[in-house]
Every structure is written in structure tokens, then in C-alpha cells.
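Note on naming: letters A, B, ... go to the chains in the order of the sequence lines (proteins, then strands), and numbering restarts at 1 for each one.
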2 protein chains.
Amino acid sequence: MPEALFRHFEKYIRLSAALRAELTARILFRSFKKGELIHHASYICTHSYFIQRGLVRVYFLKDEKEISEYFSCEEEWVNSPKSFIQQQQDIYFIDALEDTDTWVLEVHDLVYLFDHFPEMERYARLSMGTVFGHYMERITSMRFTTAREKYVHFCRTYEDIYHRIPLGMIASYLGITQETLSRIRAER
Amino acid sequence: MPEALFRHFEKYIRLSAALRAELTARILFRSFKKGELIHHASYICTHSYFIQRGLVRVYFLKDEKEISEYFSCEEEWVNSPKSFIQQQQDIYFIDALEDTDTWVLEVHDLVYLFDHFPEMERYARLSMGTVFGHYMERITSMRFTTAREKYVHFCRTYEDIYHRIPLGMIASYLGITQETLSRIRAER
DNA sequence: CGGAAGATTTGATCTATATCAAAAACTACC
DNA sequence: GGTAGTTTTTGATATAGATCAAATCTTCCG
């Protein structure tokens with residue numbers, strides 16, 4: 001039973017027994033091992049993953065290199081946003097940085113829930129607001145001029161997970177080289 | 001009658017006569033002259049503006065300077081997002097870069113509409129998806145390494161409005177100096 | 001229409017960070 | 001538990017773009 005997921009929903013809406021039952025019927029549990037690929041960019045993203053335990057990375061390739069787009073951890077949904085919403089291909093890969101347990105919902109099940117439970121629409125609107133906040137924060141951080149400012153802001157924003165992410169992935173997230181980030185960390 | 005606004009809604013949902021009437025009753029028309037301030041950061045943002053004609057800038061102050069956050073034009077809603085959604089202060093100012101005509105909705109009227117018209121929830125969810133796309137695009141663009149790449153991407157993304165925005169404001173949007181942007185423009 | 005304020009361009013340095021290269025420190029798996 | 005592979009650190013240079021300064025070019029209002 002996806003208790004953690006129910007608790008997450010109830011931050012935004014009251015879950016009726018009927019909705020609870022439909023969710024339970026349509027959601028699947030799935031685990032990923034550290035390093036395992038969750039979504040490959042050559043496919044359309046048809047599943048959304050609610051992370052119960054673990055840490056994942058959304059990234060894309062530029063000049064053969066993996067560039068981190070963002071990181072998601074416990075109590076968050078992760079998918080390839082544009083691909084999932086518009087059901088078209090996009091550039092993002094998703095992999096697990098730690099052993100990760102998820103609850104998985106297929107896009108057509110989600111559509112069914114939207115069509116039959118108006119409160120799901122409200123949930124989506126409100127929780128999107130939260131995600132929105134993250135994006136604004138991200139944009140803010142990107143405009144910090146110096147590499148040090150960016151890194152300090154990153155550590156403040158991801159206080160709970162920054163020490164679980166390899167240095168090189170943080171560097172690509174911040175748009176700086178790993179050498180520079182290493183030097184920044186060294187000085188203190 | 002806010003015909004342009006109705007058309008916008010109908011991209012996402014069918015507007016019932018009842019919802020149409022409520023919208024009409026609650027929305028106000030307001031014009032702003034070029035250079036006029038639409039929202040000041042010292043206030044909580046209680047209104048959302050649907051732009052019928054014109055161009056506005058959302059910006060904030062850093063070290064006395066105005067930094068452009070983004071630009072909005074025809075057929076888009078503009079407000080100070082976090083301030084409007086969470087009804088708390090935030091750093092953003094909004095002003096008109098051209099003479100601008102808007103339809104204005106107060107936050108408590110919007111809440112009323114959400115509470116009485118479930119299709120408004122759906123509208124919000126779907127249209128937020130669009131805005132989301134813009135943000136993703138924005139983040140992508142910010143990670144382009146060179147100033148030239150950023151500018152080229154900006155021109156492609158804002159093809160219809162980039163020539164309506166002063167150079168200095170574009171530079172601050174891109175996080176580069178106006179001297180650098182001027183030099184980039186010169187070479188061709 | 002003319003002049004002042006603002007916006008853009010041009011020029012001459014300076015510096016933070018990229019790049020290239022190699023050593024050192026981890027990690028993990030057979 | 002040792003060794004191959006990965007990740008991080010350290011070092012030496014190169015460079016894009018910042019900064020400072022001043023000259024033009026626009027705009028707009030009295």
C-alpha cells in the first residue's frame with residue numbers, strides 16, 4: 001500500500017475512499033538499483049515515478065557529456081516533464097543515484113483519474129505550484145555570477161541531499177567545470 | 001467583453017455560459033502606458049494580468065540594477081508568481097515596455113472560480129503546463145556556455161518580441177553585460 | 001525644433017574560470 | 001583484499017567576457 005504517496009496527496013487534498021481505491025488499483029511498486037536507468041531519451045515518457053526512498057538524476061547529453069538537469073528525492077514525482085505531459089520525445093534521461101523505491105503511474109491512468117476525480121485536478125494545480133517554486137529557485141541560482149555563489153546557493157537549496165551527489169554531477173548542474181568546483185570546495 | 005481572454009481559455013477547456021458570466025462579472029479592463037509600473041515588489045501581488053496587447057517586463061533589483069527575469073506579451077498572464085500564489089512578498093517588479101492593455105483578475109475572485117468551476121482547475125493545470133515549458137526552455141538557455149549561444153537561443157525563443165526589447169534589458173536577462181551583447185550584435 | 005537624459009557602441013585592460021594534463025584518492029567487484 | 005576503473009584533486013596556461021572609460025547615437029519632451 002502506497003502510504004507515503006497517500007500522505008503526499010493529503011498535503012493538498014482530502015483523499016476519498018473511492019480515489020484511494022482507484023489509485024491503489026492503478027499504481028505499481030518498482031525498485032531501481034544504484035546506477036540503473038529509469039528513463040531513456042529515445043522513448044516517450046509514459047510513466048511518472050513517485051520516489052519513496054532514494055535519489056535520482058535527470059540529465060541530458062551535450063557533446064558526449066552528461067549534463068545534470070536536476071535531482072529528485074523522497075516525496076517527489078519525477079519524469080521527463082515535457083515528454084510526459086505532451087507525449088513526445090525529449091532529451092532527458094533519468095537514472096538512480098542510489099537504490100531507489102518508487103510508485104509508478106502510467107500517463108493514461110493519470111488521465112483517467114483527472115477525468116473522474118475533479119480533486120485530482122486541484123491536486124495537480126497545487127502541487128505544480130510547489131514544483132514551480134523549485135524552478136524559480138533554480139533560475140535565480142543560475143543568475144548568480146560567480147561559481148562560488150552558485151555553489152553556496154546550491155548547498156543551501158539542497159541542504160539535505162547535496163552530500164549524496166558526486167562532485168562532477170553538481171558541477172554540470174551548476175554549469176561550471178569539476179576542476180573549478182573542486183577548487184572551491186578545497187578553500188575552507 | 002474580454003473576447004481575447006475567452007479565446008485563450010477555450011484553447012484548454014470549453015467555457016460554459018455560467019463560467020463566462022462569472023468571468024465577465026469579475027474581470028476588469030486596465031491599460032498601462034509605456035514605462036508605467038504594474039506591480040511593485042513592496043506589495044503582495046493580488047492581481048493577475050492577462051495581456052491583450054503590449055509587452056511587459058518582470059524584473060528585480062540587484063546592487064541597484066534592474067535585472068530582467070522574463071518578458072510577457074499578448075495572450076499571456078503575468079503576475080509575480082510566488083507572491084500571487086502564496087500571497088506573500090517577493091522581489092519582483094513588473095512594468096510595461098509598451099502601451100499595454102490587460103484584463104485583470106483578483107486573487108480572491110480566482111479562488112472563487114476554482115471553488116465553483118472544476119473546469120477552472122483543469123484550465124489552470126493545463127495552462128501551467130505551457131508556462132512550465134517556458135521555464136524549462138529558460139533554464140536550458142541559461143546553461144548555454146557562451147554569451148553568443150545564449151543570445152542566439154534567446155532570439156530563436158522570443159522570435160516575435162526580441163526586437164521590441166531594449167538591449168540592456170536583454171543583456172541582464174541573459175546574465176551578460178550590455179557591452180558584450182553589443183559586441184555580439186555588431187559582428188554580422 | 002533643440003537640448004538633455006538615456007541607450008548603445010567602441011576601446012583598453014584585467015580576472016575568473018575554462019582547458020589541458022597528470023597525479024592522487026576513492027570504489028567496487030572478481 | 002588487490003587491482004582496474006572511476007572520481008577528485010592539483011598544476012600550468014589560455015581566453016571569454018567583465019570592468020572602467022569615453023564617445024556616439026536615440027528619444028522624447030518643453
Side-chain angles (χ1 to χ4, degrees), chain A residues 32-37 54-57 59 61-68 71 93 95-100 141-155 161-188, chain B residues 32-37 54-57 59 61-68 71 93 95-100 141-155 161-188:
Chain A
F32 297 93
K33 281 187 300 246
K34 178 174 180 174
E36 198 174 343
L37 202 65
L55 179 61
V56 312
R57 166 181 66 144
Y59 67 97
L61 298 176
K62 190 180 186 192
D63 310 328
E64 325 266 88
K65 287 196 193 140
E66 299 175 354
I67 310 288
S68 306
F71 307 96
F93 297 77
D95 67 0
L97 297 187
E98 302 174 352
D99 291 347
T100 297
S141 81
M142 305 238 22
R143 221 183 356 243
F144 283 114
T145 42
T146 70
R148 178 165 308 95
E149 278 179 299
K150 286 178 190 165
Y151 179 63
V152 168
H153 183 270
F154 172 80
C155 292
I161 55 167
Y162 80 92
H163 57 279
R164 293 152 68 183
I165 303 169
L167 175 141
M169 293 183 188
I170 296 176
S172 78
Y173 173 91
L174 296 176
I176 63 180
T177 60
Q178 57 177 41
E179 292 93 326
T180 297
L181 182 51
S182 174
R183 280 182 252 263
I184 287 168
R185 278 190 170 172
E187 54 185 55
R188 52 181 69 183
Chain B
F32 297 92
K33 282 188 300 247
K34 178 175 179 171
E36 197 175 343
L37 202 66
L55 178 60
V56 311
R57 165 180 66 144
Y59 67 98
L61 297 176
K62 189 181 186 190
D63 310 330
E64 326 266 88
K65 288 196 191 140
E66 300 175 353
I67 311 287
S68 306
F71 307 97
F93 297 78
D95 67 0
L97 297 188
E98 302 175 352
D99 290 349
T100 297
S141 81
M142 306 247 8
R143 220 187 355 245
F144 283 114
T145 43
T146 70
R148 177 165 310 97
E149 278 179 300
K150 286 177 189 164
Y151 179 63
V152 168
H153 185 269
F154 173 80
C155 292
I161 54 168
Y162 80 92
H163 57 279
R164 292 152 71 183
I165 302 169
L167 174 138
M169 292 182 189
I170 295 177
S172 78
Y173 173 90
L174 297 176
I176 62 181
T177 61
Q178 57 176 38
E179 291 94 327
T180 297
L181 181 52
S182 174
R183 280 183 251 263
I184 287 168
R185 277 190 171 172
E187 53 186 55
R188 52 182 70 180

Check your understanding: NA contact type, A:K34, heavy-atom cut-off 4.0 Å: base, sugar-phosphate, or nothing?
Key -> sugar-phosphate
Review point. How are the rings of A:Y173 and A:F71 set to each other: parallel, tilted or perpendicular (split at 30° and 60°)?
Key: tilted
Rounding to an integer number of Å, can you tell me how far [X] [atom1] sits from [N] [atom2]?
| X | N | atom1 | atom2 | result |
| --- | --- | --- | --- | --- |
| B:R185 | C:dT8 | CZ | C1' | 10 Å |
| B:E98 | D:dT27 | CD | C1' | 16 Å |
| B:I165 | C:dA7 | CD1 | P | 15 Å |
| B:L181 | D:dT19 | CG | P | 15 Å |
| B:K65 | D:dA18 | NZ | P | 11 Å |
| B:Y151 | C:dT8 | OH | C1' | 13 Å |
| A:I67 | C:dA18 | CD1 | P | 12 Å |
| B:E149 | D:dA16 | CD | C1' | 12 Å |

Check whether any side-chain heavy atom of [X] sits under 4.5 Å from a side-chain heavy atom of [Y], and report yes or no.
| X | Y | result |
| --- | --- | --- |
| A:Y151 | A:R185 | yes |
| A:L61 | A:E66 | yes |
| A:I161 | A:E98 | no |
| A:F154 | A:L181 | no |

Study note, to complete from the structure: Looking only at C:dT9, D:dT9, D:dT8, the nucleotide nearest the A:P166 side chain is D:dT8
Review point. Which nucleotide sits closest to the side chain of B:L167: C:dT8, D:dT8, D:dT10?
Key: C:dT8
Revision key, fill the gap. Sorted by number, residues from residues 168-176 of chain A placing a heavy atom under 4.0 Å from DNA chain D are A:G168
Practice item. Please report the shortest heavy-atom distance between B:R148 and B:I184, naming the atom on each side. Key: N-CD1, 3.7 Å
Check your understanding: Under 4.0 Å between a side-chain N or O of A:T180 and OP1 or OP2 of C:dT17?
Key -> no
**Study point:** Side-chain N or O of A:T177 closer than 4.0 Å to phosphate OP1/OP2 of C:dA18
**Key:** yes
Point to revise | Other residues, nucleotides, ligands: >12 heavy atoms within 6.0 Å of A:K62 NZ | key: yes
Review point. Is a donor-acceptor pair below 3.5 Å formed from side chain B:R183 to base D:dT19, judging by atom type as modelled?
Key: yes
Check your understanding: Less than 3.5 Å between a donor and an acceptor, one on the side chain of B:R148 and one on the base of D:dG17, is that the case here?
Key -> no
Exercise for review: Return the 5'-most residue of the pair B:E179, A:Q178 with respect to DNA chain D, ranking by each residue's nearest nucleotide.
Suggested key: A:Q178
